[in-house]
Amino acid sequence: MGKISDRIRYVGVNDLKTTAFEGMWPLPFGVSYNSYLVMDEKTALIDTAELGFAAEYMENIRRELDGRKIDYLVINHMEPDHSSLIAMVRESYPDVRIVANAKTVPILKGYQGVTDNIHVVKDGDSISLGNSTLTFYMTPMVHWPETMVTYFAEEQTLFSGDAFGSFGALEGGITDSDAGLYGSSDAAGSVFGAFRDEMRRYYSNIVGKYGQTVQAALKKLSGMSIARICSTHGPVWEKSVSDVVAYYDRLSRYEGEKGVCIVYSSMYGNTAEAAKALAAELESRGVPYAIHNLCTEHVSYAYRDAFKYDTLAVGAPTYNNDIFPPAYNFMYGISARLVKNRRFFAFGSFTWAGASVKLLNEMAGRCGFDLISEGISFPQAYSREKCDMAAVADRIKAALA
Ligand code: FEO
């Protein structure tokens with residue numbers, strides 16, 4: 001049931017109960033917490049799962065072990081979605097030797113109270129399970145400082161931690177030959193295609209700040225022969241390894257596709273009308289775009305598409321002589337994620353004094369974005385005369401050409 005190969009078994013779980021990952025990111029398709037057993041003369045468990053799934057997870061391990069014990073527990077990453085069952089595994093398998101790096105040790109003590117029988121590894125160190133060799137490579141800040149990956153050379157398999165992971169529980173299978181995106185109605189085509197939006201939302205929301213360290217990790221891994229990626233979230237990648245690696249490379253370089261992510265917030269609908277007018281003008285010119293209302297949608301979708309397209313258009317009315325807070329918070333998140341290489345356009349209404357467009361442009365300037373224009377700040381109600389979005393769409397189209 002959990003067989004990936006003769007030596008690799010899947011023992012992870014699907015989470016279709018949690019509504020917000022890390023307490024804030026919506027999970028419309030759930031999420032999986034992946035964990036793997038490598039079985040040779042000795043056995044190694046790679047990461048664990050989230051605390052709420054203890055019974056199912058421990059049963060998955062017992063079933064695959066079929067009476068054997070666990071010799072090693074490799075900790076690639078200490079975020080509690082993968083580490084909160086370490087103490088329970090230790091309780092059930094008291095002889096298990098924990099394999100971790102020096103940065104993991106204090107975090108392991110702090111979260112799980114585990115301090116003994118730990119084999120501390122450095123970059124490039126290996127352990128042998130018999131005819132299987134696991135080698136550890138440090139990949140700090142992908143996504144925490146203690147993060148490492150585990151390479152199983154004989155099977156050209158990378159246990160990558162969060163890297164190459166995705167939101168979305170697994171339906172029907174584990175690998176990209178047979179997995180589906182749970183609850184998705186448009187999962188036709190390749191599994192990678194079905195997961196791509198949720199992978200980008202996961203990347204942009206969770207790992208997006210760490211583009212530089214993801215790039216360093218990709219460089220470190222580039223010399224390895226990788227036929228299979230076993231991430232901690234989402235499908236096991238076999239058919240799609242090159243696509244997935246190329247996509248992560250693109251995301252971590254902040255390289256957007258040609259197109260516009262329109263993100264707006266509105267109190268009484270005037271900035272919203274301006275946003276929709278821009279969308280209509282882009283549509284008529286065949287310019288790809290996405291549009292998100294920060295007052296009705298979770299900001300995670302706006303981040304997702306801000307990482308997709310190379311142009312960002314942000315609308316906010318002036319509020320308390322400042323940027324309307326939903327748009328301010330969005331721009332704060334863009335800045336915190338160190339997003340770069342974007343064109344930028346700001347727009348928004350005001351009643352007695354305009355401030356939001358000027359301040360949005362200043363935030364964009366601090367991100368190093370190129371302004372399409374000085375923006376459109378318009379008084380009171382929206383009208384076509386006040387907001388020449390046709391001219392803006394012409395400029396954007398010319399810039400994308
Ligand atoms: Fe899935 Fe950074 O933990």
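Ligands are counted one by one from 1 in listed order, and the atoms in each one are counted from 1 as well.
Looking at Tyr10 and Asn34, their side chains do bring a donor and an acceptor atom within 3.5 Å of each other.
Salt-bridge formation is detected for the pair Glu362/Lys358: a Lys NZ or Arg NE/NH1/NH2 atom is positioned less than 4.0 Å from an Asp or Glu carboxylate oxygen.
Using a cut-off of 2.8 Å, one finds that His143 contributes no N/O/S atom close to atom 1 (Fe) of ligand 1. The nearest N, O or S atom of His82 is closer to atom 1 (Fe) of ligand 1 than 2.8 Å. Atom 2 (Fe) of ligand 1 lies at 2.8 Å or more from every N, O or S atom belonging to Asp81.
An angle of 160° is found at atom 2 (Fe) of ligand 1 between Asp162 atom OD2 and Glu79 atom OE1, rounded to 10°.
Taking the ring axis of Tyr303 as reference, the NZ or CZ atom of Lys308 does not stay both within 45° of it and closer than 6.0 Å to the ring centre. A cation-pi arrangement, defined by a distance under 6.0 Å to the six-membered ring centre and an angle within 45 degrees of its axis, is absent between Arg200 and Tyr247.
Residue-level check: among N/O/S atoms of His77, NE2 sits closest to atom 2 (Fe) of ligand 1.
Between Lys258 and Asp310 there is a side-chain heavy-atom pair separated by less than 4.5 Å.
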